[in-house]
Amino acid sequence: MKAFCGRAKSSFGGFDCVEETEEFDYHQEIARSSYADMLYDHDRNEKYYQGIRAAVAHVQAKGEKVIVLDIGTGTGLLSMMAVSAGADFCYAVEVFKPMADAAKCIVEKNGFSDKIKIINKHSTDVTVGPGDDMEMKANVLITELFDTELIGEGALPSYEHAHQNLVQEGCVAVPHRATVYAQLVESQLLRSWAQLQPIEVQGNQLLPPPAMGNCSGTHSVCDIQLSQISPSSFTALSPICTMFSVDFSKPVSSAPQSYSAQFVAQTNGLAQVVLSWWDLDMDPSGTIVCTMAPSWTYPQPKMAPWRDHWMQSVYFLPAECKVTKGQDLSLTVYHDDFSLWYSLKPLSRILSRPSCTCQAHLVWNRPRFGELNDKFRTESYINALHSVLKKDSVCLGVSDGSLLPVFAHLLGAKKVYYFCFELLDIKPEQLTLQDLGGEQISLLIGEPYFCTSLLPWHSLYFWYCRTTLAGLLRPNATILPCSATLHMVAVEFQDLWRIRAPCVTCEGFDVTPMDEMIQKSLDFQESREAEPHPLWEYPCRALTESTAVMTFDFTHCVPQQPLISHGSLPFVSGHCHGVAMWLEYHLTPDISVSVGLTEPIGEQGHCEWSRHSKQGVYFFSSRWEDSGSDRAAVLYNLVFEPSSGEVKMDFNVKSD
């Protein structure tokens, strides 16, 4: 049986329906799940184990049998910890069937099948009673239902239901408590991800429309590796404030609530952004703490544990506000059952979640706002446009939500037309000379940027548009950018390698069935493809030179034959985890813009990546270690398929 699945395609400029086997969705979900990241989080695992031992001992001290409910069991790790700590029986609930099947195999492999029952249901569908899913209610509740925002995966409704239906009154919960923290800051860098800033265009200031400046934006959290934002990039206006706590050993409510923290402003500034994270107290005494605090809050930042499943949150205030040092302020956090939002002014009622009223936040995501506010990047485009524009230029812009057509108009173009495929139901092949007032296009411009692009080469849709529009272009028409080059570099990741590395054992338990399940799904298709990652959040060291391996010439139409590139990248000593790839756009012969490395590779392979784009990462199935023989190399074979716009890739590591 076949199934239709959406896949981003450069030739289509969006998501095309591709016929795949019925197993495709199953394997793709598993392959990109990143379960290994959690299992490699030793700090998290150790703190859970300590909390579980304390909870089991507490119930045993009362002379009771220890019956555990583990919601969101995943691999069954926490249930196996509970049984090892002395629990009499565990009910382990996992809604994701592939993971539930893997948990059964792992539990059996470790010899716990007689004391752990895997229940493949959502916890709110679990029944209790003789012959039901659970024979009795539990007196220990273990959960891992959290995301970066704490409650975004439905933790509150799940706890609410569990206390009402699945656990005994007075049960012991692990974790026992969660506490949310926040800090009010001024940061032009972070604010640039939420609001369009004024832009200078050849002496003219381009101001965003008032509707955009007055818009509170979207309510969705911006989750990032806040440890990669230097404290020099923001000014702290408040101390780190304790906003609220949730006690999971007592009945929990998912009803909307608000909490306020009072403080005195530490300095003058503009209140723009709230940084937030949370802690888990694994026991009632608060002596076993698992914190999500960014590394710069630690006395020794390098001691901070790395996590990608739990990061930190950035919230943008609905409107920036000037504050004065010594001023008494009150920061209020609101939450419903799934999300948080902040206000600097406490209200007697629950402030409704921010929503976009200007439409821009529906068109541009946060990295896109940052890209449009990047002054160096904007100057590159303006300078390139200025060098090719003429008084009689008839321009056509091809990109989503781009300001280039506005720049072209301000720079004196005769006429400017604009394709914006996310707003207009029109395709390049539908455009006629009549639509252009009978005049052919002399300048085709694009960043290029398309909202459906996942990997860097998906934006080659610009090339396909240029090909389709060839009949409407003047014979000497200028194409900007004139070309793009695909670059790559072999890298050693500081931490990101964990999301793809086999675990084998975790805290003494054999989890190879999960490794085998993930590898099988990767081998199905995903292991032959790159995946998108914003590498500025994930430090890595370059092991090779940055190398241009393929060129796409936009001054000519897309060729009918595939483009092929193969070669080798000799690398220095280190652990080679994979290859990073990106595009560099050549706006003119002497002006280029990179969506990957923004600076030459530094000493000892230091890399500076664009904060606005995701790069393609091809992970090797196992890391390659070289002792410094200078004879190891990454062998690559790349094929650009014109029919689909896909870049097929094959990599090997060879050492003589």
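For the numbers below, each heavy atom of this structure counts, side chains included, while hydrogens, waters and symmetry mates do not.
Side-chain N or O atoms of E149 include one that pairs as donor or acceptor with a backbone N or O of L340 at under 3.5 Å. No donor-acceptor pair under 3.5 Å is formed between the side chain of N110 and the backbone N or O of F112. Checking side-chain atoms of S276 against main-chain N and O of Y181 turns up a donor-acceptor pair under 3.5 Å. The backbone N or O of K137 lies less than 3.5 Å from a partner atom in the side chain of Q168, making a donor-acceptor pair. With hydrogens and angles ignored, the 3.5 Å screen pairs a side-chain donor or acceptor of D133 with a backbone N or O of T127. Not one N or O on the side chain of N120 forms a donor-acceptor pair closer than 3.5 Å with the backbone of V93. Proximity of a side-chain donor or acceptor of Q494 to a complementary backbone N or O of P539 within less than 3.5 Å is not detected. Checked by atom type and distance alone, the side chain of N139 pairs as donor or acceptor with a backbone atom of K65 at under 3.5 Å. With hydrogens and angles ignored, the 3.5 Å screen pairs no side-chain donor or acceptor of E531 with any backbone N or O of E529. Judged by distance alone, the side chain of Y91 and the main-chain N or O of E135 form a donor-acceptor pair under 3.5 Å.
Here the closest heavy-atom approach between residue G286 and residue V289 is recorded as O-CG2, 3.3 Å. Shown here for V68 and A138, the closest heavy-atom pair between the two residues is C-CB, 3.9 Å.
Between V126 and I119 the shortest side-chain heavy-atom distance falls below 4.5 Å. Inter-residue side-chain proximity for W609 and C540 is flagged as met; some heavy-atom pair is nearer than 4.5 Å. V333 places none of its side-chain heavy atoms less than 4.5 Å from the side chain of V180. A heavy-atom distance below 4.5 Å is found between the side chains of W310 and L280. Contact annotation: the side chain of M581 never approaches that of P456 to less than 4.5 Å [non-hydrogen atoms, C-beta and beyond]. Counting only heavy atoms from C-beta outward, the side chains of V634 and C576 approach each other to under 4.5 Å. With a 4.5 Å cut-off on side-chain heavy atoms, S339 and V221 do not count as touching. Inter-residue side-chain proximity for W278 and S313 is flagged as unmet; no heavy-atom pair is nearer than 4.5 Å.
Using a 4.0 Å cut-off between charged nitrogen and carboxylate oxygen, R498 and D308 do not count as a salt-bridge pair.
Aromatic ring orientation, F619 versus F493: tilted (interplanar angle from 30° to 60°). Aromatic ring pairs are classed by plane angle as parallel below 30°, tilted from 30° to 60° and perpendicular above 60°; the pair Y315 and Y342 is tilted. W497 and H577 have parallel rings, their planes meeting at less than 30° on a 0 to 90° scale where 60° marks the start of perpendicular.
How far CG of D515 is from CD1 of I106: 8.0 Å, rounded to the nearest 0.5 Å. Expressed to the nearest 0.5 Å, how far CD of Q183 lies from CG of L275 amounts to 6.0 Å. Within the model, atoms CD of Q164 and OG1 of T124 stand 11.5 Å from one another, a figure rounded to the nearest 0.5 Å.
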Candidate pair M80 and T75, rule side chain to side chain contact (heavy atoms under 4.5 Å, CB included), full reasoning: CA-CA 9 Å; M80 293 189 293; T75 59; 5.6 Å; no
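For W296 and F234, the gap between ring centers is short of 6.0 Å.
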Please set out all donor-acceptor pairs under 3.5 angstrom arising from side-chain atoms of residues 243-253, sequence neighbours excluded.
unit_1	atom_1	unit_2	atom_2	d
S245	OG	T179	OG1	2.8
D247	OD1	S249	N	2.9
S249	OG	A173	N	3.1
S249	OG	H176	ND1	3.1
S253	OG	A255	N	3.1

